[in-house]
Enquirer: 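Attaching a single structure in structure tokens format; questions to follow.
None of the values given here were measured: they were computed from a predicted structure. No hydrogens, no waters, no symmetry mates; every other heavy atom, side chains included, goes into these values.
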Amino acid sequence: MIRRLLAEAAGTFLLAFAVGACNSEPFAVGGSLWAAMIFTGFASGAQFNPGVSVALIIYKALSRTLNKESLVELLLNIVVQIIFALLGALLAGSIVKYVSYFDVAEGYIASEAFFAEMVYTAVLTGDAIMVGQLTNSNLIGGGVVAMSVAAGNWAIGKITGGCFNPAIGFAINITNYAMNNDHFENTWIYIFAPLLGAIIGSLLAFVFASELKGQRASMEAKQ
């Protein structure tokens, strides 16, 4: 478990550093996420996101595959993700002398940003679960998840900045607030919207995965 927690720490740190340094540029964030997955060898499942960890807890519980050991590890992953997201954001701020932030863009309101973050986090967490049902290749699965993040950034980055990760959202914004004393009032959106999206994503993934398993069982029975 220690090695898997170390993988979560390294991956989340790299992701937070990239987001803090590049101002959420889609290719930089998606590429850094995929690079972190490969660098850590997918040892921990390459979650790097409390939303993904929460989605996995719910999915495993619904699938009746959640035991005490896996629950403890997933909860520890969340703690590690928060700590190392903060460290990655702090390093980004110290090197580039500023750190990006997540906030609702001018012309939009908080509720619009909330639902945008929620929807794309649901897609991201659902993809993170479903790729395991569709391919045995970690490289392909990791690429799909990384592309989901990049696509979300392209789609709603102009509205919210494209976060989809409670640990990253909090870490980036608290670091920016410590340095610049601004853009912190809407941080709650980047914590609660991704968590709600993760719940929705895990529930939908369970439904879709169950249907997929049923189709496969039917095909095998016919053979």
Enquirer: Answer yes or no: is there a side-chain heavy-atom contact under 4.5 Å between Leu56 and Ile129?
Expert: yes
Enquirer: According to the side chain to side chain donor-acceptor pair (under 3.5 Å) rule, which pairs have a member within residues 34-51, sequence neighbours left out?
Expert: Glu8-Ser44, Gln47-Ser53, Gln47-Asn77
Enquirer: Take atom CZ in Phe42; do more than 12 heavy atoms of anything else shown fall under 6.0 Å from it?
Expert: yes
Enquirer: Could you tell me which non-hydrogen atom of Ala16 sits nearest to which non-hydrogen atom of Ala85, and how far apart they are?
Expert: CB-O, 3.3 Å
Enquirer: Are Leu62 and Leu203 packed together at the side-chain level, in the sense that at least one heavy-atom pair is separated by less than 4.5 angstrom?
Expert: yes
Enquirer: Which heavy-atom pair separates Gly169 from Thr187 by the least distance, and what is that distance?
Expert: O-CG2, 4.3 Å
Enquirer: Test of understanding: with side-chain hydrogen bond (donor to acceptor under 3.5 Å, both in side chains), list the residues that count as partners of Tyr108, not counting sequence neighbours.
Expert: none
Enquirer: Roughly how far apart are Glu117 CD and Ile156 CD1, rounded to 0.5 Å?
Expert: 4.5 Å
Enquirer: Same cluster or not: are Met130 and Phe206 linked, directly or through other Ile, Leu, Val, Met, Phe, Trp or Tyr residues, by side-chain heavy atoms under 4.5 angstrom apart?
Expert: yes
Enquirer: Gln81 and Thr12: side-chain donor and acceptor closer than 3.5 Å?
Expert: no
Enquirer: To the closest 0.5 Å, what do you measure between NZ (Lys158) and CG (Asn153)?
Expert: 11.0 Å
Enquirer: Any idea which heavy atoms bring Asn67 and Ser70 closest together, and the distance?
Expert: OD1-N, 2.7 Å
Enquirer: To the nearest 0.5 Å, tell me how far His183 NE2 sits from Tyr177 OH.
Expert: 12.5 Å
Enquirer: Within the side chain of Thr135, is there an N or O that forms a donor-acceptor pair under 3.5 Å with the backbone of Ser137?
Expert: yes
Enquirer: What is the minimum heavy-atom distance between Gly93 and Met179, and which atoms define it?
Expert: O-CE, 3.6 Å
Enquirer: Taking ring-ring contact (aromatic ring centres under 6.0 Å, His included) as the test, write out the residues that go with Tyr190, two or more places apart.
Expert: Phe102
Enquirer: State the CG-CZ distance between Leu33 and Phe48, to the nearest 0.5 angstrom.
Expert: 7.0 Å
Enquirer: With rounding to the nearest 0.5 Å, note down the distance linking OG1 in Thr125 to CG in Asn165.
Expert: 11.5 Å
Enquirer: So do the side chains of Leu91 and Leu87 get within less than 4.5 Å of each other, counting heavy atoms only?
Expert: no
Enquirer: To the nearest 0.5 Å, what is the distance between CZ (Phe114) and CZ (Phe192)?
Expert: 8.5 Å
Enquirer: Applying side-chain contact (heavy atoms from CB on, under 4.5 Å), can you list everything that pairs with Ile57, at least two apart in sequence or on another chain?
Expert: Leu66, Leu71, Leu74, Leu75
Enquirer: Are more than 12 heavy atoms from other residues, nucleotides or ligands located less than 6.0 Å from atom OH of Tyr59?
Expert: yes
Enquirer: Between Ala92 and Ala21, which heavy-atom pair has the shortest distance, and what is it?
Expert: CB-N, 3.8 Å
Enquirer: Please test Ile189 against Asn186 for side-chain contact (heavy atoms from CB on, under 4.5 Å), starting from the C-alpha separation and ending with a verdict.
Expert: CA-CA 6 Å; Ile189 293 173; Asn186 287 320; 4.0 Å; yes
Enquirer: Could you state whether Tyr120 and Met147 fall into the same hydrophobic cluster, counting links through intermediate Ile, Leu, Val, Met, Phe, Trp or Tyr residues with side-chain heavy atoms under 4.5 angstrom apart?
Expert: no
Enquirer: Can you tell me how the ring of Phe27 sits relative to the ring of Trp154, calling it parallel under 30°, perpendicular over 60° and tilted otherwise?
Expert: perpendicular
Enquirer: Over all heavy atoms of both residues, which pair between Ser202 and Ala55 is shortest? Give the atoms and the distance, please.
Expert: CB-O, 3.3 Å
Enquirer: Pair Cys22, Val29 - check side-chain contact (heavy atoms from CB on, under 4.5 Å), show working.
Expert: CA-CA 8 Å; Cys22 78; Val29 175; 3.9 Å; yes
Enquirer: Which residues pass the side-chain contact (heavy atoms from CB on, under 4.5 Å) test with Asn180, not counting sequence neighbours?
Expert: Asn176, Asp182
Enquirer: Could you state whether Phe39 and Val144 fall into the same hydrophobic cluster, counting links through intermediate Ile, Leu, Val, Met, Phe, Trp or Tyr residues with side-chain heavy atoms under 4.5 angstrom apart?
Expert: no
Enquirer: Report the residue from Leu15, Leu14, Val145, Leu139 that forms a side chain to side chain contact (heavy atoms under 4.5 Å, CB included) with Met37.
Expert: Val145
Enquirer: Which residue pairs pass the salt bridge (charged side-chain N to carboxylate O under 4.0 Å, His left out) test when at least one of the two sits in residues 46-72, sequence neighbours left out?
Expert: none
Enquirer: Count I, L, V, M, F, W, Y as connected when their side-chain heavy atoms are under 4.5 Å apart, and connections chain through other members. Are Leu90 and Ile95 then in the same cluster?
Expert: no
Enquirer: Under the side-chain contact (heavy atoms from CB on, under 4.5 Å) rule, what do Ile109 and Val104 come out as? Steps first, then yes or no, please.
Expert: CA-CA 7 Å; Ile109 60 176; Val104 182; 5.8 Å; no
Enquirer: Is Val123 reachable from Leu196 through a run of I, L, V, M, F, W or Y residues, each pair having side-chain heavy atoms under 4.5 Å apart?
Expert: no
Enquirer: Decide yes or no on side-chain contact (heavy atoms from CB on, under 4.5 Å) for Val131 and Ile140, but give the supporting numbers first.
Expert: CA-CA 8 Å; Val131 290; Ile140 294 174; over 6 Å; no
